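The structure under discussion appears below in the form of structure tokens.
Order of the sequence lines fixes the chain letters, A, B, ..., with proteins taken first and strands second; residue numbering starts at 1 for each chain. All heavy atoms count here, side chains included; hydrogens, waters and symmetry mates do not. Bear in mind that the values here come from a model prediction, so they are computed numbers and not experimental data.
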Amino acid sequence: MVLHILNRSPSMSRVFQQALDAMGTDDRLLLIEDGVQGALPQLIPYLEPVLGRLFVLKEDLVSRALEGHCDARAIVVDVDGFVSLTEEADKTVSWF
Amino acid sequence: MVLHILNRSPSMSRVFQQALDAMGTDDRLLLIEDGVQGALPQLIPYLEPVLGRLFVLKEDLVSRALEGHCDARAIVVDVDGFVSLTEEADKTVSWF
Amino acid sequence: MQYALLVQGSPYSYQASHSALRFAQAVVRRGHSLTAVFFYHDGVYNAARLAAPPQDEPHLYDAWAQLHREHDTELLVCIAAALRRGLMDERESSRHGKAGHSLEPPFILTGLGQLIEASTAYDRLISFSP
Amino acid sequence: MQYALLVQGSPYSYQASHSALRFAQAVVRRGHSLTAVFFYHDGVYNAARLAAPPQDEPHLYDAWAQLHREHDTELLVCIAAALRRGLMDERESSRHGKAGHSLEPPFILTGLGQLIEASTAYDRLISFSP
Amino acid sequence: MTGLSGGDLLVILRHAPHGSSWLKEGLDTALVAAAFGQRVSLLFMGDGVMALLPGQGSGPLGQKGTQPTLQMLEMYDIDSLWVEHQALLERGLNDMSLSVDATRIEKDAISRLLAEHTQILNF
Amino acid sequence: MTGLSGGDLLVILRHAPHGSSWLKEGLDTALVAAAFGQRVSLLFMGDGVMALLPGQGSGPLGQKGTQPTLQMLEMYDIDSLWVEHQALLERGLNDMSLSVDATRIEKDAISRLLAEHTQILNF
């Protein structure tokens, strides 16, 4: 299982599509930094193919005042959970 | 007349849409750096609303081996032409 | 006409600085005056005096200095952007109790206000960003 | 597990360095070993010894140094990326006939090969880019 | 010309807070320009509208957010604030109250806003 | 596992030449890894496919392009080269000859390529 890490919002950058194209059926996607915007209910359709395997970093939601506004299907993890995701993955790939 | 300068390819970044939204009917758009990709026949439809007012920087086409591959509707200018466009414009806005 | 440029890209990672220099050369070639180049955001790294690019790559620092020498173009670096990024002249260095400096003339540390105040004096301000 | 990080963003313009530091602290908190942090692309600017951020902003340089002090994490800066960007230690400075230096321990200039050679020794390599 | 909002300087803010310093540097530029007596307008566009969400906090290592800077706009007499309506809609934020009093602007009015300012800085 | 192209390191190149140093730095990393004895594969994806157009020149101030570096791949025994077919099609470049011999890879095979490498560096 590969952990893919995305730090760009789908509203501005198309890199999310590259990440999706490169993801295997068990791979996971973690949204960090400006990428957490992708967990908004209006933007999450872009990431529809990986729902259930979509994680979003709590700290980056909080600093942006987005914590209460996420789609419930995005799994919120804090930075310790981020480390734990990297423990469980064979390797990670960062998309930027 | 405002000269808008765009250095991102429409294939990767949605910033071209912001530039188009901000352009008045007489404004011009100049593609530079990675933005020159937008003059390829397959990508120029993204910039369709400003055809006739669409310029592309020759030097950046040449270094990328794209000079022979542009759509004929993109007006090729060299860097002296770039300066000349800024002379003719009241002001410039750079999109990145 | 009086031109000024705003450079916001780091010199060896993005084309912005290269594009700005190429544009600067064309501006003076066409008989305009290039009064000042402002460095902001990561553009301030253009002023790093110890830059040592490989011999077969362009030396951006020297190219800016040459522009200053030949055309009296002021090279103005936003002090707030520079200090946090590790660029300080001798005066700031001693003010911060540090040894050594990383920026020196012809690059000049200046406040953002100078960009603003002066911007009314130019006919054109062109931005180059990463 | 043995972790290493690759940092590619400039420190005061993009969140990459902040994210990397936050992740680094969580790695050691969870009992892992953080063997090395590699700085490449504009990430090398994290090693600028004269960085002087405002008092009420985080001091990234000091935070990296603290990580090194407390957890023996190596701070490895790609020499090719660093020299062109104006970051050199005393040895490189004298080799280039310059006065002064802009990088010093605990940041160490090293070849790209060390990243590669060592990468087989880590269990995880996580990249933080701008 | 409809007199939408003439002025000396229009600062366009297109980047989200925290991910990069663009937003903060754009705001700083606006404040300094106002301090030097210019009539400054702000346009929050694209991801820049995220800056207007109330309740933002500090960054990953405790660095200041942009909320304190936004609160200073009034003190510097920057009251010509525009926010791209479409960008709010796309992000589902249109019904939220914003942390500063910005006027919603439609796509087709943006070019007029640009035309009515002497100088434009795009962040 | 189909044995698409196993290896120690997959370097993904997603940025166009000249606009930034990502492409060059990615290639440098690949060459160094090969010099240290790793089995290296390259994937040109998105704008990265622009690097494969023949006839590229130097940059605005005469800086080297990436063409010389690409020519060194063979010398370093990097012969597992992949190019995203879709990216070529989107840019209308599919019928052009490329400056190095790269195998076209379809979207749905990319994840397998990633899975078959021990380490991935994304530029």
Cut-off 4.5 Å, heavy atoms of chain D, and the answer for F/Gln119 is side chain
Could you look at F/Leu121 and say if it's the side chain, the backbone, both or neither that has a heavy atom under 4.5 Å from chain D? side chain
Nearest 0.5 Å, what's the NZ-NE2 distance between F/Lys24 and D/His41? 13.0 Å
Any side-chain heavy-atom pair of D/Tyr40 and F/Asp28 under 4.5 Å: yes
Check the surroundings of atom CD in D/Glu90: do more than 12 heavy atoms from other residues, nucleotides or ligands lie under 6.0 Å from it? no
Can you tell me if CD on F/Glu74 sees more than 12 non-hydrogen neighbours from other groups inside 6.0 Å? no
Side chain proximity check, D/Gln8 to F/Phe123, heavy atoms < 4.5 angstrom: yes
Work out which heavy atom in D/Ile116 is nearest to a heavy atom in F/Thr29; give both atom names and the distance. CD1-CG2, 3.9 Å
Counting only heavy atoms not in F/Asp101 (residues, nucleotides, ligands), do more than 12 fall under 6.0 Å from its CG? no
